[in-house]
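The structure appears below as structure tokens.
Heads up: numbering here begins at 1 and tracks the sequence. Quick caveat, the model's predicted, so the values are computed rather than measured. Order of listing sets the numbers, starting from 1, for every ligand and every atom in it.
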Amino acid sequence: MSEAKDAVTKQPLARDARASGVTAGVRPLGVMAALPEELGDLVAAMGAEGEVRTVAHGQRDYHIGTVHGTPCVVTLARIGKVAAAATVSALIHAFDVEAVVFTGVAGGVGRDVRIGDIVVAHSLVQHDLDASPLFPRFEVPLLGIARFDADAALAAQLAAACDDFIAQEGGALAERFRTAQPRVHRGLVISGDQFIASAAAVNALRAALPDALAVEMEGAAIAQVCYEYGVPCAIVRTVSDTADVHAPASFSTFLVEIAGTYSSGILRRFLQARG
Ligand code: SAH
């Protein structure tokens, strides 16, 4: 990513998003991750395909261009629900994205979710949101919703890209990274402003949300903002750890050594199919 960043001059945000470099007449796809490793080769691939314009806004860099045939605005949210909500709001308002896709890693919570598996969110819950007894636990106060659905069509496209990726590269990934043969799961992803790293914490989450497959720190915030503005969103997570005492070490190794390979492989297939 740094090469692409160095190759362009950062610009302040123009009042009119289209004037800031978005392809005229085409609403781009917003692509987000929390951390640079989670974007894989996406910004480099954008630079290899054509001009990349980088716009600085709200302490984030937004890379505007075409990747694998699809006009995109690519950015990093950093970690946590507020960071994710602020960033996706900017994608919607300043860059006029037509839909949002988030890619990253997560802790596995479902009993048959293993490190190296992929989870595509069908729905998302903020597991740390609790205004009870005024409102039911997990419900967003005054919105009346606890579970936010990903866009069904977008999630299906993303899951299809994951299926292709695993069918074509799963065996090699398992061998190279010494994981089990990876699988693709679809279901509930839960988000909160906590890194979950103990059996007790996982058990508490399982007891409260028995169908949760993965836990992370951004997805449900993005899904809430997208719901409020009527923008389709989909979220894919590769399982970097199992949210237990081994999670900090497992997360760190997976992030640095493996996460980018997954994101690159999944996003390439997903964007080529759209483009
Ligand atoms: N110490 C790390 C912080 C990582 S936070 C650092 O300095 O970079 C973990 C990130 O990965 C978040 O963006 C979250 O969405 C995801 N994640 C992976 N495993 C997780 C887990 N067990 N609990 C919560 N989030 C997790």
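If you run side chain to side chain donor-acceptor pair (under 3.5 Å) between S191 and each of E216, H127, E218, Q224, only E216 comes through.
Side-chain contact between L267 and H68 is absent, with no heavy atoms from C-beta onward closer than 4.5 Å.
Salt-bridge formation is not detected for the pair E169/R176: no Lys NZ or Arg NE/NH1/NH2 atom is positioned less than 4.0 Å from an Asp or Glu carboxylate oxygen.
Atom CD1 in I190 sits 7.5 Å away from atom CZ in F138 (nearest 0.5 Å).
The shortest non-hydrogen separation linking S252 to P248 is OG-O, 2.8 Å.
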For residues 101-120, please give each side-chain donor-acceptor pair under 3.5 Å, one per line with the distance, not counting sequence neighbours.
from : atom 1 : to   : atom 2 : distance (Å)
T103 : OG1    : S263 : OG     : 2.9
R114 : NH2    : Q181 : O      : 3.4
D117 : OD1    : R183 : N      : 3.0
D117 : OD2    : R114 : N      : 3.0
D117 : OD2    : R183 : NH2    : 3.3
D117 : OD2    : H185 : NE2    : 2.8

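Ordered by chain and residue number, the residues placing a heavy atom less than 4.0 Å from ligand 1 are A34, I79, V105, A106, G107, Q194, F195, I196, V215, E216, M217, E218, R237, S240, D241, A243, F251.
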